[in-house]
Amino acid sequence: MSDLSHIRNFSIIAHIDHGKSTLADRFIQYCGGLSDREMAEQVLDSMDIERERGITIKAQSVTLDYTARDGKVYQLNFIDTPGHVDFSYEVSRSLSACEGALLVVDAGQGVEAQSVANCYTAIEQGLEVLPILNKMDLPQADPDKVRAEIEDIIGIDATTACLVSAKTGLGIEDALEYLVENIPPPEGDRDAPLQALIIDSWFDNYLGVVSLVRVKQGQLRKRDKIIPKSTGKAHQVDAVGIFTPKRLETGVLRAGEVGFVVAGIKDIQGAPVGDTLVNAQQPDVPALPGFKKVKPQVYAGIFTISTDDYEDFREALAKLTLNDASLFYEPETSDALGFGFRCGFLGMLHMEIIQERLEREYDLDLITTAPTVVYEIEKKDGEVVYVDNPSRLPETGEIEEMREPIARCSILVPQDYLGNVITLCSEKRGNQIDMQFLGTQVSVVYDIPLAEVVLDFFDRIKSVSRGYASLDYSFDRFEPAQLARLDVLINGERVDALAVIVHRDQIQHRGRVLTDKMKELIPRQMFDVAIQAAVGGKVVARTTVKALRKNVTAKCYGGDATRKKKLLEKQKAGKKRMKQVGSVEIPQSAFLAVLKVD
Amino acid sequence: MSLPELPPLGLYIHLPWCERKCPYCDFNSHERENLPEQAYVEALLRDLENDLPLAQGRSVRTLFIGGGTPSLFSAGAIRTLLQGIAARLPLAEDLEATLEANPGSAEAARFAGYREAGINRLSLGIQSFGNHQLRALGRIHDSDQAHAAILAAREAGFARLNLDLMHGLPGQTEADALADLRQALDYNSGHLSWYQLTIEQNTVFHKHPPLLPVEDALADIQDAGEGLLQAAKLENYEVSAWALPGHACRHNRNYWTFGDYLGIGAGAHGKISHPDGRIQRYAKKRQPEAYLSAAGGEHRARQDWLEQEALPGEYLLNALRLREGFLLADYRARTGLDRDSLQPALDTMLARGLLAENPDTGNIRATPLGRRFLDSVIAEFL
């Protein structure tokens, strides 16, 4: 069949908690993708961490056969997208495989800033965006108000929006019909030479590299020889198929379809995301545009607690970057922590997830240093450098001007919470740029130093608005600022991994809170431990962890040596989780505590 | 790797019953009335018979009857036991034979009988002379009985006598602790075990923790008490053990110098070296009933052979508790290993002033600082 009219490729754009995963599960169930027994809740979020945190991080896909009311069977390819503000880059990747997107909005809560941004991305990429109002079963559902909001804020027609409740099953079939009728089928010549876009790649211990692809033209068959354009190396295709959501080998993927390819690629750089696959016999097909590289917003040093783990750590990072191009890393050496990597992340959640995946999936014990944004430094000799590591800040004497990154933040908030949000934004050194009243919601735009945004702004804005305000932000520009590096000295020794760059107004406060926090976290040792916070040579706060008086087991009689030994071994295991800096043992938690300081 | 000469041999005997279990005690002890004295003594001798090959021709230099409360056993039962042991194993001429006793009045009446049976060292679990402290510890004796028991031990002819005292007790002040020590010192008993109350797992105190003095107060008690004991010319030959010259407990010293010992009785532990360099540890069944009903050869609950990598830690675990430390020559004789096996931890500890080495004698010992943080030092070698 060379007709593509029965195919629909779509994504779902939704804010966290607006019910995307539940809706996807309903589609799968309705189309019989899984038996009830297999219908584990929210099958699409397959990483443990995604399931636990209730968010979607990686793009995943599922192919469903839907028999429509016109009697025809449609192939629906659903490509999942992440919903958190940190992952907007991943969204555009998923959207590039689709012709349409469902905008799912909670009929009680209304439109959120993140969805607005993602909608614009979809519209820019030429997708048909169809609004769907979910959670219609809830008493606070107000479809008229939300329809108006969609039209006011996003500017798309919402009069025909589908009303559904993924929870009760209401309107699911209508939504599928709506989708089939309104999303255009893909285009692409199935007889042309192969051209397929890699949407995602991940490493499977048994299969090697598995790639999720969208075939733009031609066909991709088992035993074909394919070439990723970026490497130029030919590989034989071992398997092709679709996710139903179980992995199902079909032997072929044709233009317009989305599915997986396994081609015995063992090298994790062998099939990078955004690359184009072509047939080895017709290798001159041009590469597709791919994806624009995203710049990490937050940087932190990650070190293994045991130096023996360094090589494993390097390998784990390489595997993770295969399907997470937004993760950046380069070797870093710290006086305090030894060899590790400076890693760049999209945001704090991204950082936490990466650290969790490294610890859980690769069984590594890690220390993460306080995250920082990138600062632009103009030196006296005219050179401009970018600093993503506080310990690499040039000497004060060499600096002409320091500039901090400013983020443009778009916030949507119900009027009742506007006051709280404005207070928070000024506390975070924000500048108001714009404010518009749209129905019951207010759209406010602020310029806020990125350093203030990435740490806990998202959580804070949620808490001051009882979860109703939403945020989207992006880097805007560098701006001159009064900044300084706050050093932490332990027994007179500067600990590079504990340094942070702070605004000058905050030095006293941060210094005091930081030393107090360290005092809480550093256990008493055999000697007094002096903790100082200093800027340049000037100490701004100090405190002392008094020495332990003794550590000796009193009575050790009887011939039972094993019990006593176990106790000491336990003590030692606790110490292993600490890092020796000079002669002082500093626990893992102390390095991260720097960022929990407000 | 072989051991040209096997270490000296001790014998530990465990009697697992108490009139009442103390809330801080995590030893293998059980409450029971009508002790099966005779049956237990027979079980001990059966147990010993199976362990005889482990003696490998050595005579027993020291024996120690611990518990539980061994003094619940009659003098007659102890006599039968000692005679039974002597009939099966050669005992050294200068055998040190210790028995742990509770300072209750019923027990004190038996002391003379124990002495006649062949016990030549008595260890009295005084713990404190303060009645409120004794109650807090759940002890069944009182201050008067404690004093009377010491006099009874003297009268029974025990020239070697240990008094067990605890400090860091619930609500205890420095003055309280020193008062206990002074009263003990007045008896000039030759040996004191003075140790801080430790809350162990699987005890009543662990589940319902008493209010103990804070860490600094505990350290003050320790410092003041040490001063008092030193002034009395007692030598702190091990972390918690203080003795006049010639009064150190030889049986415990054998543990601390990685000597060998047979262990018989419910839950008793043994450690035996073999000429080929292998070293085993074993433990007997803990439950008295299971132990009593065990037929010949079934008393043992488990046994492990020590890995060679574990030997440095196993040796130092106890050897560093001794004030005198150890000689590298002795370390080699007991483990078959040389100085390098203690690296790199040894150099680190020497550099940090926690251990000191005399290159002429090959002696290694904890410095005063190292003694205060001995657990941290030992952990480096595990």
Side-chain angles (χ1 to χ4, degrees), chain A residues 305-308 335-336 338 365 490-493 519-530 543-588, chain B residues 10 12 14 26-28 64 66 164 166-168 193-198 200-201 215-216 218-220 222-223 238-241 249 252 255-256 258 261-263 267-271 281 283 304 310 313-314 317-318 321 352 354 366 369-382:
Chain A
I305 290 185
S306 158
T307 45
D308 302 343
D335 298 337
D365 272 337
I490 305 268
N491 274 358
E493 229 176 288
K519 184 179 177 175
E520 247 172 61
L521 291 169
I522 296 177
R524 295 173 71 179
Q525 327 224 337
M526 291 182 207
F527 38 80
D528 283 359
V529 177
T543 181
T544 306
V545 178
K546 297 297 282 179
L548 201 64
R549 295 276 295 266
K550 60 192 171 82
N551 174 25
V552 50
T553 305
K555 195 172 179 172
C556 187
Y557 288 5
D560 184 4
T562 43
R563 193 169 44 173
K564 153 98 169 151
K565 207 174 132 191
K566 270 189 196 136
L567 264 171
L568 290 183
E569 276 167 350
K570 222 167 127 187
Q571 241 184 52
K572 195 180 182 181
K575 269 177 60 167
K576 263 195 158 165
R577 306 268 308 171
M578 295 201 235
K579 206 76 189 182
Q580 188 105 17
V581 174
S583 50
V584 183
E585 278 143 4
I586 304 182
Q588 211 178 356
Chain B
Y12 178 75
H14 194 77
D26 72 335
F27 287 111
N28 185 31
F64 193 105
D164 253 11
M166 296 170 87
H167 63 85
S193 290
W194 187 60
Y195 55 96
Q196 185 186 321
L197 169 64
T198 315
E200 307 282 0
Q201 284 191 354
E215 199 202 300
D216 276 336
L218 290 172
D220 287 341
Q222 180 86 36
D223 291 349
E238 185 266 354
V239 173
S240 307
C249 176
N252 283 336
Y255 290 146
W256 295 326
F258 212 52
Y261 45 95
L262 299 169
H269 287 250
K271 177 241 164 192
R281 289 196 184 280
D304 305 299
E314 291 269 349
L317 188 63
N318 287 321
R321 294 181 67 85
R352 291 178 62 186
L354 294 164
L369 180 68
R371 286 204 297 274
R372 273 172 49 205
F373 297 103
L374 198 60
D375 283 358
S376 311
V377 175
I378 291 169
E380 295 290 327
F381 294 91
L382 294 181

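Proteins come first, then strands; the chains are lettered A, B, ... in the order of their sequence lines, and each starts at number 1. The model shown is predicted, which means the values in this text are computed figures rather than measured ones.
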**Q.** Residue selection (most heavy-atom pairs with chain B, distance under 4.5 Å) from Lys546(A), Glu569(A), Met526(A)
**A.** Met526(A)
Q: Considering non-hydrogen atoms only, spot the tightest contact between Leu369(B) and Arg352(B) and give its length.
A: CD2-O, 4.4 Å
(Q) Quick check on Glu380(B) against chain A: is it the side chain, the backbone, both or neither that has a heavy atom closer than 4.5 Å? (A) both
Q. Do any N or O atoms from the side chain of Lys271(B) and from the backbone of Phe258(B) form a donor-acceptor pair under 3.5 angstrom?
A. yes
Q: Can you tell which part of Thr198(B) gets under 4.5 Å to a heavy atom of chain A, answering side chain, backbone, both or neither?
A: side chain
**Q.** Ion pair Asp375(B)/Lys550(A), N-O distance below 4.0 Å
**A.** no
(Q) Please enumerate all residues that pass ring-ring contact (aromatic ring centres under 6.0 Å, His included) together with Phe373(B), with sequence neighbours excluded. (A) none
Q) How would you list, by chain and number, every residue that makes a side chain to side chain contact (heavy atoms under 4.5 Å, CB included) with Ala366(B), sequence neighbours excluded? A) Leu355(B), Arg371(B), Leu374(B)
Q. Which answer fits Leu197(B), side chain, backbone, both or neither, if we ask what part of it has an atom under 4.5 Å from a heavy atom of chain A?
A. neither
Q. Heavy-atom distance under 4.5 Å to chain A: side chain of Asp216(B), backbone, both or neither?
A. both
Q.
Please rank Val377(B), Asp223(B), Asp220(B) by heavy-atom pairs under 4.5 Å with chain A and give me the top one.
A. Asp220(B)
